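Computed from heavy atoms alone, side chains included, the values below leave out hydrogens, waters and symmetry copies. Predicted model, so just to flag it, every value in this text is computed and none were measured. Just follow the structure's listing: the first ligand is 1, and inside any ligand the first atom is 1.
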Amino acid sequence: MDKLSDRDGWIWQNGQLVPWREATVHVLTHTLHYGVGVFEGVRAYDTPAGPCIFRLDAHTRRLFNSAHILGLEIPYTPDEVSEAQKAVFAANGLREGYLRPMVHLGSEAMGLRAKDLSVNLIVAAWPWPNYMEPESREQGIRVRTSSYTRHHVNITMCKAKANGNYINSILALHEALDAGCDEALMLDNEGYVAEGTGENVFLVRDGVIHTPELTSCLDGITRDSVITLAEEAGYRIEERRITRDEVYIADEAFFTGTAAEVLPIRELDGRQIGSGTRGPVTEQLQTLYFDQVRGARDVHTDWLTPVSGS
Ligand code: PPE
């Protein structure tokens, strides 16, 4: 198997572009043991103006917010972190790909009481096509409600995209995959629909779009983009508590996320949703989204940051 760690290229590590295989950390890295770190998932797309990072400023801002929530002080300015993402994408000669900025604590000391550890930043970039089969964009995916509850708001912080939060996501996702589904739907501790393991969720009923309020899900940047595009297309959006059975009887449902993009859900817990394939509203929003990220629209041009031209 090709190993992600064994390839040519460059990774930005603490202010420098280092050769891909040499971008390593010590085994006593604090974050490796306890999960206190924060990260981002960002995509860049090929556009008529060359490769552009989608909503770079919003992702950088969320990285700083995540760090602030966990009490980590990133030793760079937001501009420097945005420039690092552009630099590493350009250095790897990519036209389209995924960027992964990640902030982790150093290996100066072990233990829960360790304080004043170094705060380190890496940014990697690689080609990462959507991890679902291409047909799933048209036909939708099969989803199962997770037996694992999404984070309670006072356990780990849902506004932080924190490394450790993803134990919950991975437990839920692997349970769904083992059951032959493509993704899990997670409910919050009161039983209301929260989100996917790495996506926000939407449903459509009688022409109105519904999505859970932000209390127990990540403040997704794709979610925000899709809400903006949907409102501009004339849809009403209701952010509110949603129950699992409302998804069963929705006309359409879909996930949004940087990695997942806009992905129709065709089935939840063995119940067909709507027509059992991508619905018209989902298709329209998908088209708007892909046109937007690929620079085919003349609105929201500030959402696209060219990789070169810094
Ligand atoms: N909820 C969760 C839990 C989540 O991890 C993501 C992103 C979202 C919602 C959507 O947020 P946004 O990307 O800003 O629209 N998940 C990232 C990690 C996925 C992975 O497989 O790793 C992503 O999509 O980059």
For atom 8 (C) of ligand 1, closest protein heavy-atom neighbour: Gly198 O, 3.5 Å

Flag for Tyr148-Asn168: side-chain donor and acceptor within less than 3.5 Å: no

Atom 3 (C) of ligand 1: the protein heavy-atom neighbour that sits closest, reported with distance to 0.1 Å: Arg150 NH2, 3.1 Å

Flag for Gln85-Thr305: side-chain donor and acceptor within less than 3.5 Å: no

Nearest candidate to atom 4 (C) of ligand 1, where distance is taken over non-hydrogen atoms, out of Tyr166, Phe54, Tyr98: Tyr166

Atom 22 (O) of ligand 1 [closest protein heavy-atom partner, distance rounded to 0.1 Å]: Arg100 NH2, 3.2 Å

Option set Arg55, Arg43, Lys161, criterion heavy-atom distance to atom 7 (C) of ligand 1, minimum: Lys161

Nearest-contact summary for atom 15 (O) of ligand 1 - protein heavy atom, Å: Thr222 OG1, 2.5 Å

Protein residue, atom and distance nearest to atom 24 (O) of ligand 1, heavy-atom basis: Ala259 N, 2.9 Å

Atoms of ligand 1, numbered as shown, that sit under 4.0 Å from any heavy atom of Gly41: 25 (O)

Nearest neighbour in protein (non-hydrogen) for atom 10 (C) of ligand 1: Asn200 OD1, 3.6 Å

Trp128 N/O under 3.5 Å from ligand 1 N/O: no

